[in-house]
**Q** 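Have a look at this one before I ask anything.
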Amino acid sequence: MRLNLIPLGTSAGRPTLSRGASALAVVTEGAWVLCDCGEGAQIAALRAGLSLSRLDAVLITHLHGDHFNGLPGLLGTLGLEGRQRPLVVAGPPGLTALLQHLERAGSLGTGDMEVRVLEQQGNGGEVRIEGSQFLVESRPLAHRVPTYGFRVALPDRAGTLDVARTDAAGVPRGPLLADLKAGRPVTLADGRVVGPEGLVGPRQRGPAMAYALDTVPCPSAVDLGRGVDALVHEATYEDARAALAHERGHSTGVEAARIAAEAEAAGLVLTHFSPSVDGAALADEARAIHPRIIAAQDLAEIPL
Ligand SMILES: [Zn+2]
């Protein structure tokens with residue numbers, strides 16, 4: 001199983017002609033989760049060919065409009081589609097009250113669909129999405145309002161079976177091999193018990209990504225991004241405007257690269273660009289610190 005990232009909105013504060021407000025799809029075979037849901041995220045998801053019925057969860061970092069305003073519309077569409085299974089919406093404290101207020105005003109139109117709101121508290125933790133293969137965790141970031149970043153991963157995979165060795169050990173081809181691959185010892189017809197040791201390679205870590213928006217540079221972002229295949233980090237301004245970035249609760253591209261380097265993230269995806277900056281130039285500036293940096297562009301898929 002692979003993970004692909006599809007940026008659905010890469011602008012900070014407001015959409016522009018080329019960049020929508022914050023949203024990013026994390027996609028695997030047959031399912032996806034949405035990180036943030038800025039205005040226009042729903043239409044961008046359709047343009048990307050994503051099926052709304054396969055959406056497992058929405059992870060909202062904070063309640064600023066450029067990360068939230070697309071959610072009422074998305075929920076309304078899922079309600080109209082008659083979605084049967086519940087939708088998990090994780091986010092900061094205050095999310096439940098806000099959605100309840102919109103519901104009472106008649107703004108949501110979710111119909112019979114169950115919206116399972118999981119407000120993150122304190123240091124965050126596991127975000128349980130029943131029936132989903134995605135493993136999600138949250139950590140608090142440092143912005144002007146309560147904000148949580150997320151780590152999204154797929155489960156580890158079983159190691160590769162060495163068939164030459166299982167043959168040599170006398171294990172017949174068939175269902176016993178599946179048991180060995182899953183790490184279980186098997187009993188052969190002659191009564192011998194054979195364990196997986198030496199016959200199956202080490203388990204392979206499932207692909208993982210982290211999403212750190214909006215935040216000043218903070219230890220939690222390092223924590224979230226530890227060893228991931230891709231850290232998606234906000235980069236609102238170029239480094240010359242670091243003071244302005246911090247004043248507004250944001251980071252620069254160079255700072256995001258320092259976070260990625262410290263976390264030993266394999267790759268860094270910069271996003272959440274102020275309309276006043278050039279994303280590509282910002283990535284160039286940061287490459288001295290981390291070699292593998294992509295400046296996210298709306299709808300430009302990033303395979304991990
Ligand atoms: Zn923002």
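Residue numbers start at 1 and run along the sequence shown. Counting starts at 1 for both ligands and their atoms, following the listed order.
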**Q** If we ignore angles and hydrogens, is there a donor and acceptor under 3.5 Å between the side chains of H143 and T215?
**A** no
**Q** Can you tell me if D214 and H67 form a side-chain donor-acceptor pair at under 3.5 Å?
**A** yes
**Q** The Zn ion (ligand 1) is nearest to which N, O or S atom of D214?
**A** OD2
**Q** Using 2.8 Å as the threshold, say whether any N, O or S atom from D66 sits that close to the Zn ion (ligand 1).
**A** yes
**Q** How large, to 10°, is the angle at the Zn ion (ligand 1) when you draw lines to NE2 on H272 and to NE2 on H67?
**A** 100°
**Q** Identify the heavy atoms of L55 and L87 that sit nearest to each other, and give their distance.
**A** O-CD1, 3.8 Å
**Q** I'd like to know whether CZ of R54 has more than 12 heavy-atom contacts from other residues, nucleotides or ligands below 6.0 angstrom.
**A** no
**Q** Do any N/O/S atoms of H62 come under 2.8 Å of the Zn ion (ligand 1)?
**A** no
